[in-house]
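Counting starts at 1 for both ligands and their atoms, following the listed order. Please read these numbers as outputs of a predicted model, since none were measured by experiment. Quick note: numbers below take in every heavy atom, side chains included, and nothing from hydrogens, waters or symmetry partners.
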Amino acid sequence: MTIPPQEIGVGIVGFGTVGTGTVKLLLENAELLRKRVGIPIRLVRVADRDVVKDRGIRLPEGVFIEDGMRVARDPDVHILVELVGGTGAAKDFLLEAVRNGKSVVTANKALLAECGPEIVKAVHAAGVDIGFEASVGGGIPIIRTLREGLAANRIRAIFGIINGTCNYILSRMTREGKPFAEILAEAQAAGLAEADPSFDIDGIDTAHKLAILVWIATGGHVPPKEIFVQGIREIDQEDIAFAKEFGYTIKLLAIAKENGVGIEVRVHPTMIPSHYLLATVDGAYNAIYVKGDFVGSSLSYGQGAGMLPTASAVVSDVIEIARNLRRGCAGRIPPGGYFLADPSARANLAPFDQVHSEYYLKIRVVDKPGVLSRIAGVLGSHAISIASVLQKGQGQTAVPIFIVTHRAKESDMRAALAEVDRLPDVLDRTRMIRIENNL
Ligand code: NDP
Ligand code: HSE
């Protein structure tokens, strides 16, 4: 496309939580942005299917419209910012803008995780840029950190708290002992949770973000359906109390690590030692712990969601692309950070059933002699060694037995639990939480 000589035109589709923050930032910090880019960044169009709702912002006459496609085709728009969400209309707006020679910015992790290779191909073919800093870690610049700051490193491992809603819920359950449902409702009211909160609490949003991190770290795509994902719905106050007593904190972790066979990529509630920095990450904050072969360990921390922090990341992409447009270049840094012959190549994933971990088990049993030894026998027959056992309560019909194991293989643990759950005195499905002691 021709170089815009005087100003960069920005069009936004989606005037919801992040859209409102982005508009606010572009308007309030217009002069700062002009100085950083060298020419003005002008908000040309904002589209949303709801043109009635009051967002508390006055836009210049004619800027606010209903039809997102008009933004994608508007010749005055150089950068389209997609803040609709999902993989339907959002994808159409984004690809239409790319076909029209516009660079694009998105916060949409679902779209990137599900359709990344297709989008990258379109962006590449059109010779435009795509920015997606806001898609992982909200306001934390983790995409640039991995793609640029740590570009010299082979990334060995990533451990991330990358869903603000889950961290908010788990932190408050731990601190206040309140029930899950009450705290989820407050997260939704605060604008943290996705439109469909099951995306957050069932770990899907975390898996989408992890797929993006692994792509940036390794150059290989990870189809989200190949990630082992377990959410936080089943965590209860008994698990939290046990964790506290044994010096652990429960976090929903996104984990990617090289294990000699391939990359383990998984999302699940995890007990981590309470003295670890990651364990202290509270509320809607996110943190991403990265191990590189030369840099060693580094931790990025900040607000992982919300109107203003996310807008900060969105506009950082706008600035980067505007600077490129000013200099007449695009694609200087490839979206995934690697110049590859096949930009849609897959990451080399390690099979999940071969992963090793320590485990916490909660088994609800009838309190009578011999039950524990039968459970220990089943675990032992699957090469699972017990590190500690605790039984709370006595003489009641049902009591929980808590077991922590030494390192064991996932496939062995699953086979053992299938057998434990069939024992006559075991009353419910055994609950299991993985433990990470070596971050
Ligand atoms: P919202 O639901 O608040 O905003 C989306 C807006 O887009 C809504 O106003 C919605 O209208 C509108 N919209 C939906 N479909 C269309 C359409 N076809 N044409 C025009 N407008 C449409 O979402 P968020 O702002 O929270 O999220 C936006 C994106 O940012 C998502 O991809 C999300 O995952 C991502 N994100 C969000 C963060 C956050 O903290 N909220 C943090 C990081 C990323 P309606 O309300 O009628 O559906
Ligand atoms: N729902 C997401 C979260 C928003 O809670 O982290 C940020 O991506």
(message) Would you say CZ of R99 has more than 12 non-hydrogen atoms from neighbouring residues, nucleotides or ligands within 6.0 angstrom?
(response) yes
(request) With the side chain counted from C-beta on, respond yes when E410 and E264 share a heavy-atom pair under 4.5 Å apart, and no when they do not. (result) no
Counting only pairs under 3.5 Å, give me each side-chain donor-acceptor contact of residues 13-24, with atom names and distances, residues two or more places apart or in other chains.
residue, atom, partner, partner atom, Å
T20, OG1, G16, O, 2.5
T22, OG1, V18, O, 2.8
K24, NZ, E28, OE2, 3.0

Any protein N or O within less than 3.5 Å of an N or O in ligand 2? List each pair with its distance, or say none.
residue, atom, partner, partner atom, Å
ligand 2, 1 (N), L192, O, 2.7
ligand 2, 1 (N), E194, OE2, 2.7
ligand 2, 1 (N), D200, OD1, 2.8
ligand 2, 5 (O), G164, N, 3.3
ligand 2, 5 (O), T165, N, 2.8
ligand 2, 5 (O), T165, OG1, 2.6
ligand 2, 5 (O), L192, O, 3.3
ligand 2, 6 (O), G164, N, 2.7
ligand 2, 6 (O), K209, NZ, 3.1
ligand 2, 8 (O), K109, NZ, 2.5
ligand 2, 8 (O), K209, NZ, 2.8

(message) Students often mix this up, so state it plainly: with edges at 30° and 60°, are the rings of F199 and H208 parallel, tilted or perpendicular?
(response) tilted
(request) Only counting residues at least two apart or in another chain, list the ones meeting side chain to side chain donor-acceptor pair (under 3.5 Å) with S388. (result) none
(message) With a 4.0 Å heavy-atom cut-off, what residues sit around ligand 1?
(response) G14, F15, G16, T17, V18, D48, R49, L83, V84, G85, A89, F93, A107, N108, K109, A134, G191, E194, A305, G306, T310
(request) Indicate the ring-plane relationship of Y360 and F242, choosing parallel, tilted or perpendicular according to the 30° and 60° boundaries. (result) tilted
(message) Between D239 and K362, does any side-chain N to carboxylate O distance fall below 4.0 Å?
(response) yes
(message) Using the salt bridge (charged side-chain N to carboxylate O under 4.0 Å, His left out) definition, which of the options R326, R42, R34 pairs with E7?
(response) R42
(request) Determine, for D293 against R154, whether the closest basic-nitrogen to carboxylate-oxygen distance falls under 4.0 angstrom. (result) no
